[in-house]
Amino acid sequence: MRLLFLGDLVGRVGRQIVFDRLPGLIERYGIDFVVVNAENAAGGFGVTEEIFNDLLDAGADVITTGNHVWDQREALSFCERTDRFLRPANYPSGTPGRGATLVQSRNGANVLVVNVMGRVYMDALDDPFQAVERELDACGLGEQADVIVIDMHAEATSEKQAMGHFVDGRATLVVGTHTHVPTADHQILPGGTAYQSDAGMCGAYDSVLGMDKEEPVSRFLRKIPSSRFSPAKGEASLSGLCVDVDLRTGLATRVEPFRSGGVLSEALPHHWDAQPPD
Ligand code: FE2
């Protein structure tokens with residue numbers, strides 16, 4: 001089975017490259033399941049219901065988020081009408097929406113997607129490790145779930161690596177989001193869980209984290225805000241991760257970076273031109 005995870009969509013150019021390219025990628029490579037972190041999709045801040053629906057129409061199966069989940073207030077209501085939009089599972093109990101969902105992939109596998117947020121250099125939330133443990137207890141790999149994808153939205157690489165090792169052998173993929181820069185540490189951990197510290201972003205990389213570079217540079221120089229942050233308008237890159245899964249175990253057999261378009265060096269899933277794995 002083939003999974004594609006795409007890192008944080010930033011602004012219009014990030015959305016557009018996903019709308020333009022994702023349907024063709026799914027068809028060309030026979031991708032069975034797609035998770036997209038879209039917490040910066042609406043002008044860099046949050047997700048609207050229209051963008052959420054357009055992403056599903058383009059082929060995304062589940063949308064994950066993070067600290068910007070409520071920047072568009074409408075997310076507080078539309079999150080209750082769908083099981084395909086996640087906010088971090090370790091928000092306080094009573095928070096609208098859900099942090100995990102079990103949905104069926106195109107090839108009939110039951111895929112659990114869990115979204116949690118780190119606590120190091122981030123807002124103080126509930127313990128993400130306990131939150132993940134709770135979700136895995138309720139829906140284990142090889143039990144209710146054939147595949148488990150965990151989006152760990154966090155600042156600190158150490159916290160993301162710790163999450164990878166914490167669930168190694170109990171999840172298919174742990175992938176970091178939030179820092180918007182793809183890391184080169186994609187690997188299969190000893191227990192069989194695919195891991196990458198950050199999937200990068202789908203957005204313009206001639207920027208500061210996908211935002212037009214002028215204002216962030218100016219704030220570092222003068223510490224005086226002079227305008228709002230706005231998404232960069234340059235050519236976007238897609239950035240994420242391709243994972244092959246052995247459905248007999250739910251564990252990863254291969255993990256490769258995916259980068260296409262814009263200023264980043266290209267990394268395409270050439271191995272996916274061969275026949276899909278079982
Ligand atoms: Fe974030």
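The analysis underlying the following values was restricted to heavy atoms, covering all of them including side chains, and did not include hydrogens, waters or symmetry mates. Counting convention: from 1, in listed order, for ligands and their atoms alike. Predicted model, so just to flag it, every value in this text is computed and none were measured.
Among the atoms of N40, no N, O or S atom is found under 2.8 Å from the Fe ion (ligand 1). The distance from the Fe ion (ligand 1) to the nearest N/O/S atom of E39 is under 2.8 Å. Inclusion of H178 in the first shell of the Fe ion (ligand 1) is supported: an N, O or S atom falls under 2.8 Å.
Cation-pi geometry between R119 and Y121 is not met at under 6.0 angstrom from the ring centre and within 45 degrees of the axis. Taking the ring axis of F229 as reference, the NZ or CZ atom of R219 stays within 45° of it and closer than 6.0 Å to the ring centre.
At the Fe ion (ligand 1), the vertex angle linking OD1 of N67 with NE2 of H153 is 90° (nearest 10 degrees).
Formation of a donor-acceptor pair under 3.5 Å by the T179 side chain with backbone atoms of E155 is not found in this model.
Relative orientation of the H153 and H178 rings is perpendicular, given thresholds of 30° and 60° on the angle between their planes.
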